Amino acid sequence: MTLSDLDDLLAARHSCRAFRADPVPRADIERIVSTARRVPSWCNAQPWQLVITSGAETDAFRAALMEEVQRGTAKPDLAFPSGYSGVYQDRRRTCGWALYEAVGVEKGDRAGSAAQMMKNFSLFDAPHCAIVSSPAELGGYGAMDCGGFVTAFTLAAQALGVATIPQAAVASYAPFLHRYFGIGEDRLILCAISFGYSDTGHPANAFRTERAPLAEFVEWRG
Ligand SMILES: Cc1cc2nc3c(=O)[nH]c(=O)nc-3n(C[C@H](O)[C@H](O)[C@H](O)COP(=O)(O)O)c2cc1C
């Protein structure tokens, strides 16, 4: 195993926003989850819990979520960022514009951008969705551990040719998700991961995001 193998995997992964309908075999999903669980966590608590949907269960969830969104009941368990400023705002805008440009939504087209955003709630037509939660009592560190798990999930999936997208947008409907999946109130719903096989020809999958150079985020001492 070399670092360039890992680099290749990281470079190949991207967030997929249009999926084909064909399902991922259960054995492959189990393999992905089994690999992802190797990540470190504070005290080895392994705080992640997943509900994974397939087939008709995904379609029923998708329909129920879209109905819920019409009711406007968004209330995330983990507070959404209070703002993005400076470079964070720049990077957020850059990736948003790249998506809109790829799908042909022009700047100022609010209806077009809202329609694209709404695709979050149809899970970008993915055949599977994983809801990721962490014990509330572990707070931010549980969420941090789950972040590592989510990243490893996306990479393990990529290694099997399975496309993914982590979605905070879905987690914003936390009260509904708790009810729908029977997830206890003692857990924080952190995000969803929609996954399946990429519709590679779809314009939403045609752009890639950049990363900042080290000089922007590393302060060397000594
Ligand atoms: C925790 C988390 C939540 C995210 N939530 C969403 C989301 O709700 N909708 C979406 O379209 N993308 C979402 N993304 C994907 C990011 O926009 C994406 O990772 C980022 O722009 C970098 O692009 P890449 O994944 O293609 O490399 C999320 C990513 C993470 C890690």
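All residue numbers in this chain count up from 1 along the given sequence. Whatever order the structure lists ligands and atoms in, that order sets their numbers, starting from 1. From a predicted model like this one, the values you see are computed outputs, not experimental measurements.
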Arg20 side, atom CZ; Thr200 side, atom OG1 - distance, nearest 0.5 Å: 7.0 Å

Are any of the N/O atoms in Ala168 less than 3.5 Å from those in ligand 1? yes

Top protein contact for atom 19 (O) of ligand 1, by heavy-atom distance: Ser15 OG, 3.4 Å

Short list, please: which atoms of ligand 1 are under 4.0 Å from a heavy atom of His14? 26 (O)

Looking only at distance, does Thr209 have an N or O less than 3.5 Å from an N or O of ligand 1? yes

Going by a strict under-4.0 Å cutoff (protein heavy atoms only), does atom 15 (C) of ligand 1 have a neighbour on the protein? yes

So, is Cys191 polar-close to ligand 1, with some N/O to N/O distance under 3.5 Å? no

Using a 3.5 Å cut-off on N or O atoms only, is Pro166 in polar contact with ligand 1? yes

Just to check, does Arg17 reach to within less than 4.0 Å of ligand 1 when the distance is taken from its heavy atoms? yes

Under 4.0 Å, counting heavy atoms only: does Arg211 come that close to any atom of ligand 1? yes

Less than 3.5 Å apart, any donor N or O on the side chain of Ser4 or Thr2 sitting next to an acceptor on the other? yes

I'd like to check which ligand 1 atoms, numbered from 1 as shown, lie under 4.0 Å from a non-hydrogen atom of Ala169. 8 (O)

How does Ile165 reach ligand 1, by side chain, by backbone, by both or by neither, if only non-hydrogen atoms under 4.0 Å count? side chain

Check whether more than 12 heavy atoms from other residues, nucleotides or ligands sit under 6.0 Å from atom CD of Glu106, and answer yes or no. no

Compute the minimum heavy-atom distance from Arg13 to ligand 1 and say whether it is under 4.0 Å. yes

Any idea which atoms of ligand 1 are less than 4.0 Å away from a heavy-atom of Asn120? 7 (C), 8 (O), 9 (N), 10 (C), 11 (O)

Atoms in ligand 1 with a heavy atom of Cys95 nearer than 4.0 Å: 21 (O)

Identify whether the distance between the nearest side-chain nitrogen and carboxylate oxygen of Arg31 and Asp28 falls below 4.0 Å. no

Please tell me whether Arg37 and Ser34 have a donor and an acceptor in their side chains that are separated by less than 3.5 angstrom. yes

More than 12 foreign heavy atoms under 6.0 Å from CZ of Arg92: is that the case here? no

Nearest 0.5 Å, please: how far is OG1 in Thr58 from CG in Asp125? 11.5 Å

In this structure, which one of Asp145, Val132, Leu155, Val39 forms a side-chain contact (heavy atoms from CB on, under 4.5 Å) with Val150? Val132

Given side chains that start at C-beta, do those of Arg187 and Asp77 come closer than 4.5 Å, heavy atoms only? no

